[in-house]
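A quick write-up on the structure given underneath.
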Amino acid sequence: MTNHISKLRNIGIAAHIDAGKTTVSERILFFTGVKRKVGETHDGQATMDFMKQEQERGITIASAAITANWNDHQINLIDTPGHVDFTIEVERSLRVIDGMVAVFCAVGGVEPQSETVWNQADKYRVPRIAFVNKMDRTGANFSDVVAQMNKYLGANAMPIHLPIGAENDFLGMVDLVTMKAITFVEKERIVSDIPAEILPQAQEARRAMIEKLADYDDDIATLYLDDAEIEEPMLKKAIREATIKLLVTPVLCGAAYKNKGIQLLLDAIVDYLPSPNDLGAVIAHDPDDEERTIKLHPSANEPVAALAFKLINDPYVGQQTFIRIFSGKITSGMTIYNTNKGKTERIGRIFRIKAKEREEISEAAAGEIVALVGMKFTRTGDTLCDENQAVLLESITVPPAVIEMKLELEDKKSRNKLGEALAKLTNEDPSFHSHFDEETEETIIAGMGELHLEILVERIRDEFKVPISVGAPSVSFRETITTEKECNYRHVKQTGGKGQFAHTVIRFEPNPGKGFEFVDITKGGVIPKEFMPSIQKGLIKAMEKSPIAGYPVVDVKCVLVDGSFHPVDSSDMAFQTCAAMCFKQAFRQANPIVMEPVMKVEVNTPDDFIGNVTRDLNKRRGRIENMRRFRKGSQKLDGFIPLMEMFGYATALRNITSGRANYSMEFYQYMQMPADKQAEVIKKRQEEAK
């Protein structure tokens, strides 16, 4: 196997749930020889879905990185989830891949989550090819999916395949680059001349493909205008360059479950998706000077720089830290610097992963994706680099948790085990949070959605063997202030011996969308600098629970205006307490409001039910932004709805549309609640606290 960087392909496979991308991944593993037998998602045998929860549900939860080989190229394949609750998995995978295969269902077309994933790929400028799967299904329509890709995704889709037949009559495809027909007998592909009855259609499709490429390639444009023959290598080179520059999206077709089209997809991955060399240098920052950028070239001879993008707790080898190496090389036993933590780590063992199988290697170089064992401090999003040339790579965006659930131990002796389980899960998944509420003596977990928390609860029970019962999920509200308020607070305590003294004057200002900010504008050393961290700490602690409804407080700018101290009685604890009391006093007088998470919701429904769906959304305080024709006989509604109104929506939608509609939702932003709802929430919260 070659390690040459130009023969490396780091690719992700992403799509809407049920488009069949895990089946596509399984077939890729079969045809590349990683596994001898084909696993299916519907019988829980998929290699890449190796977590028990994935096998039971037939969905992909954790992205798994797998190494395979095809035509003398190494393909590092990352399979990502399609369910919106696991968007963080897609996000962190896109951060480290060089190219993407977007899988679309030939019947469903561009589904809600396809758009989310596509937009994420746009954000990271990931070149991609599209594979229209399930061409053998009733209702399959290749040209319709291509049209939807252009209309809804702005994909500039360019078919390089023409399907031969569809639904039960789907036989294979015409490769418009080689102008050959490809059909399949069991797992073998048969290459032949194009049948006479579809030859005119194939010639027209090829002309359209060349016309599109002529817009981006002068040599092809010249030959096309001269009506000259364009050779296959020149066509492939033009498709590759246009794909890497994000100018076009080549579209292939097939039926993964029936083993049709997978070898051609593998050829296209090698031919059209970029190697690390094609994408060139990655930009990093100097940790001591954010303005200064450093170019990291994909070469083994440069200083090492890598990004940790995922942690998995493996029962056999312990914690595995998946990294993408952007420059330099690593060897087992070497010391590496974690820029984010400011600590050095020793690399224990290095593995290439083939789902549950591991291949131990002694070194890995630029462009590779590998798993490290033995890392103590490294977490998702951390940069690992050469200690003598510290760099900081762009981290991974983690959306806020919007839903909470209470956990109760069925056996009080398991408290330590629960703590360990939660710590490991939090390390693995940055979108998962947990904390212990000392007043109610309950453990609260928070995440991206009901399914997200449901899966994590099952893992706590099955993997970590902790017996727990759970309360109903509840919305994670926030509170903030709407007007400016200054508070002058003096904290004095005298109880024999050393007393406590601290005095702060803090102005609290609304800080919409910018989170917590602390600014010190005091002059003349009225409060010594060493007490500033204590004041900040006291404010942060006080904001964990508002004095009104007890929710976390966000988006407040705290400006320290004045104050005083006592040379003997002032201490860190005195200033922490003073700042906290100052905040609590000001908060009540700064017109506080409760904010709720609002979700961006997309519903696909047949025309017959549009009235029912709209009425139901209006009842849920929904704001419908637009309605558009989705495909013949059905429409797509986009809107924003508060999360607290979305509990039980799946069942309600099934009932009002006879099970024929589907929806997806993702977090949009926190917004102010209406006064009546706010009063309800506060009252309920205060009753619970009694």
Side-chain angles (χ1 to χ4, degrees), residues 2 4 6-9 11 28 31-32 69-75 98-101 127-132 135 142-143 146 155-164 171-184 188-254 260-275 277-278:
T2 177
H4 196 269
S6 64
K7 295 200 169 183
L8 256 183
R9 297 290 180 273
I11 65 151
I28 285 174
F31 284 107
T32 53
N69 295 294
W70 184 255
N71 287 353
D72 198 29
H73 284 68
Q74 181 184 316
I75 297 172
D98 300 323
M100 184 173 102
V101 177
R128 64 214 85 150
I129 58 178
F131 182 71
V132 178
M135 282 298 301
F142 180 73
S143 57
V146 172
N156 202 5
M158 183 182 74
I160 58 172
H161 282 177
L162 176 74
I164 303 172
L171 301 172
M173 62 287 296
V174 172
D175 183 332
L176 300 175
V177 177
T178 61
M179 281 306 272
K180 290 287 182 188
I182 292 134
T183 51
F184 300 86
E188 293 302 312
R189 58 174 155 174
I190 312 294
V191 180
S192 59
D193 290 333
I194 300 167
E197 65 271 18
I198 60 165
L199 185 58
Q201 201 186 337
Q203 286 166 335
E204 177 55 34
R206 188 176 205 258
R207 192 181 63 75
M209 177 184 78
I210 290 170
E211 227 170 63
K212 197 179 277 274
L213 288 171
D215 291 342
Y216 310 112
D217 189 298
D218 293 343
D219 295 340
I220 289 206
T222 306
L223 290 169
Y224 175 64
L225 292 170
D226 293 345
D227 233 1
E229 183 56 38
I230 300 170
E231 298 295 323
E232 188 186 316
M234 183 186 249
L235 261 183
K236 282 189 170 175
K237 179 173 174 283
I239 295 170
R240 177 180 182 78
E241 283 177 4
T243 304
I244 291 170
K245 288 175 183 165
L246 303 182
L247 299 169
V248 299
T249 306
V251 187
L252 299 84
C253 66
K260 292 178 180 176
I262 297 299
Q263 299 103 315
L264 279 85
L265 176 60
L266 281 160
D267 290 345
I269 288 168
V270 165
D271 291 340
Y272 307 130
L273 288 179
S275 72
N277 268 349
D278 295 314

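A 4.5 Å side-chain heavy-atom check between D175 and I160 finds every atom pair outside the cut-off. Looking only at side-chain heavy atoms (C-beta outward), N277 and L8 stay at 4.5 Å or farther from each other. V251 has its side chain within reach of F142: a pair of non-hydrogen atoms, C-beta onward, lies under 4.5 Å apart. Between H161 and V132, every side-chain heavy-atom pair lies at or beyond the 4.5 Å cut-off. Looking at heavy atoms from C-beta onward, Q203 lies in side-chain contact with M179 at the 4.5 angstrom threshold. Counting heavy atoms from C-beta outward, I11 and D98 have side chains that stay 4.5 Å or more apart. Taking 4.5 Å as the limit, every side-chain heavy atom of I182 sits out of range of all side-chain heavy atoms of Q263. Contact annotation: the side chain of T183 never approaches that of R189 to less than 4.5 Å [non-hydrogen atoms, C-beta and beyond].
Sparse packing is recorded around CD of E188, with 12 or fewer heavy atoms of other residues, nucleotides or ligands lying under 6.0 Å away.
Contact detail for D217 and D219: the closest heavy-atom pair is OD1-N, 3.0 Å. The two residues A157 and V146 come nearest to each other via the heavy atoms CB-CG1, 3.9 Å. Shown here for P127 and T243, the closest heavy-atom pair between the two residues is CB-O, 3.4 Å. The shortest non-hydrogen separation linking A238 to I220 is CB-CD1, 3.4 Å. The minimum heavy-atom distance between Y272 and I129, with the atom names listed, is CB-CG2, 4.4 Å. Shown here for F184 and G172, the closest heavy-atom pair between the two residues is CE1-CA, 4.1 Å.
We find the CG-CE distance between L252 and M173 to be 8.0 Å, quoted to the nearest 0.5 Å. Taking CG of L265 as the reference point, atom CD1 of I269 lies at 4.5 Å (rounded to 0.5 Å). From L162, atom CG reaches atom CE of M209 across 11.5 Å, with rounding to the nearest 0.5 Å. One distance of note links CD of E241 with CG of D278; it measures 9.0 Å at 0.5 Å rounding. A distance of 10.0 Å separates CE of M100 from CG of L273, quoted to the nearest 0.5 Å. Going from atom CH2 of W70 over to atom CD1 of I28 covers 10.0 Å, rounded to the nearest 0.5 Å.
Side chain of R9 to backbone of Q74: no donor-acceptor contact under 3.5 angstrom is found. A donor-acceptor pair is defined here as one N or O able to donate and one able to accept, closer than 3.5 Å; such a pair exists between the side chain of T249 and the backbone of A155. A donor-acceptor contact shorter than 3.5 Å links the side chain of R206 to the backbone of V177. Side-chain atoms of N156 come within 3.5 Å of backbone N or O of L247 as a donor-acceptor pair.
Residues meeting the side chain to side chain contact (heavy atoms under 4.5 Å, CB included) test with I198, sequence neighbours left out: I164, V174, I194, P195, Q201.
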Original post:
Given N69 and T32, is the side-chain contact (heavy atoms from CB on, under 4.5 Å) satisfied, shown in steps?
Top reply: CA-CA 6 Å; N69 295 294; T32 53; 5.8 Å; no
Original post:
So R128 and V101, side-chain contact (heavy atoms from CB on, under 4.5 Å) or not? Walk me through it.
Top reply: CA-CA 6 Å; R128 64 214 85 150; V101 177; over 6 Å; no
**OP:** Please lay out, stage by stage, how R240 and D271 fare under the test side-chain contact (heavy atoms from CB on, under 4.5 Å).
**Re:** CA-CA 7 Å; R240 177 180 182 78; D271 291 340; 5.7 Å; no
**OP:** Could you walk me through whether V191 and T178 pass the side-chain contact (heavy atoms from CB on, under 4.5 Å) test, one step at a time?
**Re:** CA-CA 10 Å; V191 180; T178 61; over 6 Å; no
